[in-house]
Amino acid sequence: MRPTVAPFPTARFRRLRRTAALRDLAQEHRLSTADLIWPVFVREGEGVEEPIASMPGVVRRSIDNVVRAAHEAAELGIPAICLFPYTDASVKTNDCAEAWNPENLTNRAVRAIKAEVPGLVVMTDIALDPYNAQGHDGFVVDGEILNDETVEALVRMALAQAEAGADILGPSDMMDGRIGALRAALEAAGHSHVAIMSYAAKYASAFYGPFRDAVGAAGALRGDKLTYQMHPGNSNEALRLVERDLSEGADMVMVKPGMPYLDICRRVKDAFGVPTYAYQVSGEYAMIRGAADNGWIDGEKVVVESLLAFRRAGCDGVLTYFAPQVARLLRAR
Ligand SMILES: NCC(=O)CCC(=O)O
């Protein structure tokens, strides 16, 4: 119940804002390094750190450098890293077979991290787009994205990632029925400990633009993803999707993108009270970073404020490309 606010001057809200210590005492939500998941781009090669033009400060790393990033994450206290492969056109096919190759880039990177930094949580992405000549998250036949056939492929992909040692699988594909299929397959194959963070409320968003550049998908994609990702105008549908995915065995749920969808984060947390995450996506990163690089905003302050907003909206954690910078900032405080 909300207490009645006494009239002025009995109530003076500025009393608790008077000093830094009082403000600290009264602060309702806090950002901690333990809330961060760091998305990292993996590519072939050795000793490679390749800049991404539309995401200044973010690089594609060869596996040896991904392992270095994993050490850095662990040293900074970031609990989890999330891997996204940058795939060459030569491994993109219509049957997407590279997605479940035990030796694909992601699976090799997972094993390399787990061998060196076993305590770090490793999350992987489940969707066919990095391996699909058509650039879509599912199989494309006559211009249509096939649901059930795609789910079967996602199961193969998930089992290969679980076998490699992934701790959290992140199905980002938005096919119907995939969470139940993944959960059943994981149980049957002895991977009952592997968690699923469902990209439950994933919107068909223009904020993903720089990511497609980062993973080399921009050129392959024909059309849009509106037949499987959510329309930005919808809100109740997000709750139905979260409910559905939880009922099928998701352990954690995600809202994506982040900042334009904080209302959805809050509704999900209020309705279900489950571990809830948001993805501050590439376009959000690019906007903040671009404005900061031009001196139009104070980048450090805006980043921390933007991440605190996710906590205020009910999120337990955030996937953010700013993770290492923020962890360093929080450590310095
Ligand atoms: N499945 C992962 C993404 O689509 C990431 C989007 C972004 O960072 O823009």
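In listed order, ligands and their atoms are each counted from 1. Note that the structure is a prediction, hence the values are computed from the model and not measured.
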Does the plane of the ring in Tyr203 sit parallel, tilted or perpendicular to the ring in Tyr261? Use 30° and 60° as the thresholds. parallel

Tell me whether the rings of Tyr321 and Tyr279 are parallel (<30°), tilted (30 to 60°) or perpendicular (>60°). tilted

For ligand 1, is there an atom lying under 4.0 Å from some heavy atom of Arg212? no

Does the residue Phe84 have a heavy-atom contact with ligand 1, meaning some pair of atoms that are separated by less than 4.0 Å? yes

Nearest to [atom], what protein heavy atom do you find, and at what distance?
atom	answer
atom 8 (O) of ligand 1	Tyr321 OH, 2.5 Å
atom 2 (C) of ligand 1	Lys256 NZ, 3.0 Å
atom 9 (O) of ligand 1	Ser282 OG, 2.5 Å

When you measure from the centre of the six-membered ring of Phe207, is the NZ or CZ of Lys256 closer than 6.0 Å and no more than 45° off the axis? no

Determine, for Tyr86 and Arg60, whether the Lys NZ or Arg CZ falls below 6.0 Å from the six-membered ring centre while staying within 45 degrees of the axis. yes

[X] neighbourhood, listing ligand 1 atoms whose heavy-atom distance to it stays under 4.0 Å:
X	answer
Ser172	1 (N)
Asp125	1 (N)
Lys202	1 (N), 4 (O)
Tyr279	5 (C), 8 (O)

Residue part near ligand 1, for Met254, under 4.0 Å between non-hydrogen atoms: neither

With Asp245, the side chain to side chain donor-acceptor pair (under 3.5 Å) member among Arg183, Arg240, Arg178: Arg178

Heavy atoms, side chains only, cut-off 4.5 Å: are Ile52 and Val59 in contact? no

Examine distances only and state if a side-chain atom of His136 and a backbone atom of Glu144 form a donor-acceptor pair shorter than 3.5 Å. no

